[in-house]
Amino acid sequence: MPVRVRFAPSPTGALHPGSARTVLFNYLYARKNAGSFILRIEDTDQSRYDPTSLESILSGIRWLGLGWDEGPDIGGDFGPYFQSDRLDLYHEMVQRLIDAGDAYPCFCTPQRLEELREAQRKAGLPTRYDRHCIDLTDAEVKTRVEAGEIPVIRMKVPEGKTVVHDLVRGDSTFDNSSQDDQVLLKSDGFPTYHLASVVDDHEMRISHVIRGDEWLASSPKHVILYGMFGWDPPIFVHLPVVLGPDKTKLSKRHGAASVLEFREMGYLPEAMVNFLAFLGWSPGTGEEHFSLEQLVAAFELEKIQDSPAVFDQAKLDSVNGLHIRALPVDEFAARLAPYVPELSRQLLAVAAPLIQERIQRLTEAPALLNFLVHRPEELPPEIVPKKQDLASTVAVLQDLRHLFETAQVDESLEPTLRELAETRGWKAGELFMTLRVALTGSPVTPPLLPSAKLLGRTECLVRLDHAIGGLIRGNSSQ
RNA sequence: GGCCCGUUCGUCUAGUGGCCUAGGACACCGCCCUCUCAAGGCGGAGAUCAGCGGUUCGAAUCCGCUACGGGCUACCA
């Protein structure tokens, strides 16, 4: 049987990091087994529908580089891929259940249901539908419908026990008495998740249902439904939850509501994928730096963790640094471009190698490179070394100024600078720092001489003059 | 309340009865390298494997109970 998996988001918001991991695992399993990855849109809740979220979800998945084989935008042999376009199918299936006596219409109002639950809660009982409408005759139903009442259709959960087989959890046994007579078809004619996902997973020949842990508790309903239809259930794989640092389920409260926000924060999609893969999975080999292709090769459902994982951004930072350093320099420069819009492509091409192993996030680049396009305004105190005074600093800067007038401004200058420090009685490090601050306005920069080279002799002279002038003025005003 | 699921260093994890006086990674600390910051190298600290009781010659690994955490308990997914 071919492997066919799906990610089935409801368009009610962006693609959360936790959902992104679900997408990833589906994708990896499909690719690993030469199967198909299907995207299906579960737009059955009209009240929560958010028209902007579909595009946001799709671009989130695309950003991560996880392409799908069938879906709303590209179609496929098992479409349509919007559940709202499949209503006829659900109605037909529900009728089948009604005819077989496995489902029944229910006219109970939301108010009655709420009162019922309230009473059950008060009595310390499980809250469940009391099957008030289960014995309505066809005639009664007909009369009430003709009178304008619109029923929902509920599944009639049989007696007994239901075992859910899960590749990660093993078998979980549920007593059917713990299952509610779930609504299958709502009064607006739309199916609930339970009906729609079962019908579609079957119709779309889904072989493995890989989804979040929160579905495990309703899985027995799904298994029962498969049984009622006479279908074989797919293999279930329930993924452990992704938690925030406070150990509660990861959500917008923890920072990012969308994976796309991580692009804004300077993360590489391949790093995000690598990091996400290790949230609840590990190849067991100790290796942790993986490309998407390598993940595909190594991925096994059996290695999925059965306990929740905390989303640790410090770890993400580290993984991102790893991937940044692994990029070919020109590719790194290209990725950097949007984050340093002030730098020309040419300048970026020569500047990128200077910071590639110095940053963990692309958003750190401006702080390191802006000196290339902005002259220092104020000079931080580091310009005067702790053990030196203002006068000798000015003298050193003047030496440097003379030197820069004629010398070649690049790495070859280093021995000369060390000599200069020596003759002035400075440590080389002190002189480098003074020069660094004078040229860049910052005590933290890429390597000094290569940076000076990018600035060029003329610009260096201007900045040295400015520094000397600044120090003198600062002195006289004291 | 009920039903399910889970519990190895702060975090991600390795581990499927003897190789575990529990290994790696991130974070942290120290040293080396070094013009700053990084990167890199070396080292350190950090887990009585939630607790208790069983099974066994032997248990992080199997079983039971307890505690704690989580999920579900909608005409939401």
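The chains referred to below are lettered A, B, ... by the order of the sequence lines, with proteins before strands, and numbering in each begins at 1.
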Which part of the nucleic acid does [X] contact within heavy-atom distance under 4.0 Å: base, sugar-phosphate only, or nothing?
X: A:Arg121; answer: nothing
X: A:Pro446; answer: base
X: A:Thr44; answer: sugar-phosphate
X: A:Ser442; answer: nothing
X: A:Pro245; answer: nothing
X: A:Arg325; answer: sugar-phosphate
X: A:Val310; answer: sugar-phosphate
X: A:Pro443; answer: base
X: A:Tyr193; answer: base
X: A:Leu279; answer: sugar-phosphate
X: A:Glu42; answer: sugar-phosphate
X: A:Ala428; answer: nothing
X: A:Ser187; answer: base
X: A:Gly212; answer: nothing

If the [atom1] atom of [N] is compared with that of [M], how far apart are they to the nearest Å?
N: B:U7; M: B:C63; atom1: P; answer: 12 Å
N: B:U56; M: B:G43; atom1: C1'; answer: 40 Å
N: B:U48; M: B:C5; atom1: C1'; answer: 27 Å
N: B:G15; M: B:C62; atom1: C1'; answer: 15 Å

Need to verify one output field. Residue with the more 5' nearest nucleotide on RNA chain B, A:Ser307 or A:Asp175?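 The residue whose closest nucleotide sits nearer the 5' end is A:Asp175.
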
Please confirm whether [X] makes a cation-pi placement over [Y], using NZ or CZ under 6.0 Å from the six-membered ring centre and within 45° of the ring normal.
X: A:Arg21; Y: A:Phe25; result: yes
X: A:Arg6; Y: A:Phe37; result: no
X: A:Arg144; Y: A:Phe107; result: yes

For B:G24, does the base pair up with any side-chain atom of A:Glu288 as donor and acceptor (N or O, under 3.5 Å, distance only)?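 Side chain to base: pair found, below 3.5 Å.
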
Closer than 4.0 Å, any side-chain N/O of A:Lys303 to the OP1 or OP2 of B:G15?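 Affirmative; the distance criterion is met.
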
